[in-house]
Amino acid sequence: MAENSKLTNKRVVSGMRPTGKLHLGNYVGALANWVKLQETHECFFFIADWHALTTDYADPSKIGVNTVDVALDWLAAGLDPERCTMFVQSHVPQHAELHLLFSMITPLGWLERVPTYKEQQQNLATKDLSTYGFLGYPVLQSADILIYKAGFVPVGEDQVAHVELTREIARRFNHLYPGKRGAILPEPQPLLTPTPKLPGTDGRKMSKSYDNYILLSDPEPVIRQKLKTMVTDPARVRRTDPGNPDLCPVGDLHKIFSDKQTLEKVYAGCRSAGIGCIECKGWAADNLIKTIAPMQERRRKYEENPKLALQIIEAGDAKARASAESTMKEVREAMGLSQNLELPQRATGKTGE
Ligand code: TRP
Ligand code: SF4
């Protein structure tokens, strides 16, 4: 789509934490959608390294490498620096400034009510998350979004409450500080990413913490090996037992990655015990590899010339900073924080000290 027709669409902003090399779940759940959105919308995508610190402040040693790994996976998956702006959150310090200003106007009760707050504290009980930064995490996220005046924020179900809070903060800000030329911060909409069920090799949701994942960067033999160990419909104990692809994690993979013909063969063969699971997993691997191979091809280009990826990020940082700074000028002005202080009018008549 032509660049100028994108301008009439609302801007898209989203972020991802630097968790290191991305897996198929990250692709299906977010990245694949971003790759599509860059064709139709002006997009800003960033690696949320400050957000990583809200939970991993005690060991930040991997944030740097993980950030580069995510950037490489984005490029491999098809995010195109000609079509979107990709950058690193901490390289745009304006996010932190807006976060600070928002923290002045955000009632504590709003933050304590965000469902992820108590949930995450319980889920990550080994970490001490009773910090100021962790409570304020959704305020930082609001700053990430509003600083670009986003129209849409593609997120998963778990993040919708954060976009809702973003809308509330925008509303409160606009109410307290009406700009001279109208409201400064538009309220963004969440764009709920349709996420097909993507199980890991053990049948649970694919996740880094379960060690059940397939990386976008896994070599072909590794992918085939991982699929071989994948759990199947528990009803198919023997080769002669019929199974049901709707109750099988391998079936779920077929539904996402395989063509219609393969899918028909899988359903018919599985239900009649006409095929074995080994054969079925081989087809799943073939189709997965068809999706992943072009990514790995693109990744090689960047691995051979690692500076290229860093240059892309630097260029994205600069674009993001320019856009963020332009919003901040309006915000500072509206909040009475002028860079050009005026001297107070002095009374002319002499008054006693
Ligand atoms: N909180 C998001 C997550 O954990 C990441 C994120 C940070 C984000 N800032 C954002 C997503 C702004 C969308 C918009 O997945
Ligand atoms: Fe699963 Fe395929 Fe085996 Fe059926 S044949 S149980 S879909 S792996």
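Numbering of ligands and ligand atoms starts at 1, following listing order.
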> Counting non-hydrogen protein atoms only, what is the nearest one to atom 8 (C) of ligand 1? Give residue, atom name and distance.
Gln141 NE2, 3.5 Å
> What is the closest protein heavy atom to atom 9 (N) of ligand 1, and at what distance does it sit?
Asp144 OD2, 2.8 Å
> Which ligand 1 atoms does Ser14 reach within 4.0 Å, using its non-hydrogen atoms?
11 (C), 13 (C), 14 (C)
> At a non-hydrogen distance cut-off of under 4.0 Å, which region of Asp158 contacts ligand 1 (side chain, backbone, both, or neither)?
neither
> For Phe46, which of Trp74, Phe87, Trp34 qualifies under ring pair (Phe, Tyr, Trp, His ring centres under 6.0 Å)?
Phe87
> Looking at atom 5 (C) of ligand 1, what's its closest protein heavy atom, distance included?
Gly15 O, 3.6 Å
> Does one side chain, of His162 or Thr116, offer a donor that lies under 3.5 Å from an acceptor on the other?
yes
> Is it true that the side chains of His95 and Tyr148 contain a donor and an acceptor less than 3.5 Å apart?
yes
> I'd like to know if the side chain of Gln296 pairs up with that of Glu220 as donor and acceptor (distance under 3.5 Å, no hydrogens or angles considered).
no
> Against heavy atoms of Tyr137, which atoms of ligand 1 measure under 4.0 Å?
1 (N), 2 (C), 3 (C), 4 (O)
> Does Arg17 approach ligand 1 within less than 4.0 angstrom via side chain, backbone, both or neither, non-hydrogen atoms only?
side chain
> Report, in ascending order of atom number, the atoms of ligand 1 lying under 4.0 Å from any heavy atom of Phe46.
9 (N), 10 (C), 12 (C)
> Under a 3.5 Å threshold, yes or no: a donor from one side chain and an acceptor from the other, between Thr327 and Arg332?
no
> Looking only at side-chain N and O atoms, does Thr106 offer a donor or acceptor that is under 3.5 Å from a partner on Arg172?
no
> Heavy atoms only, cut-off 4.0 Å: how does Val153 contact ligand 1, side chain, backbone, both, or neither?
side chain
> Taking all non-hydrogen atoms of both residues into account, name the closest pair between Ser207 and Ser209 and its distance.
OG-OG, 2.8 Å
> Return yes if a side-chain donor-acceptor contact under 3.5 Å exists between Asp80 and Gln38, otherwise no.
no
> Among protein heavy atoms, which sits nearest to atom 3 (C) of ligand 1, and what does the distance come to when rounded to 0.1 Å?
Gln159 NE2, 3.4 Å
> Going by the side-chain contact (heavy atoms from CB on, under 4.5 Å) test, name the single residue among Leu263, Val28, Thr262, Asp286 that passes it with Phe257.
Val28
> Taking only protein atoms, how many N, O or S atoms are found under 2.8 Å from atom 4 (Fe) of ligand 2?
1
> Could you check whether Asp218 and Tyr213, counting side-chain N and O atoms only, form a donor-acceptor pair closer than 3.5 Å?
no
> Is a donor from one side chain sitting under 3.5 angstrom from an acceptor on the other, for Asp49 and His91?
no
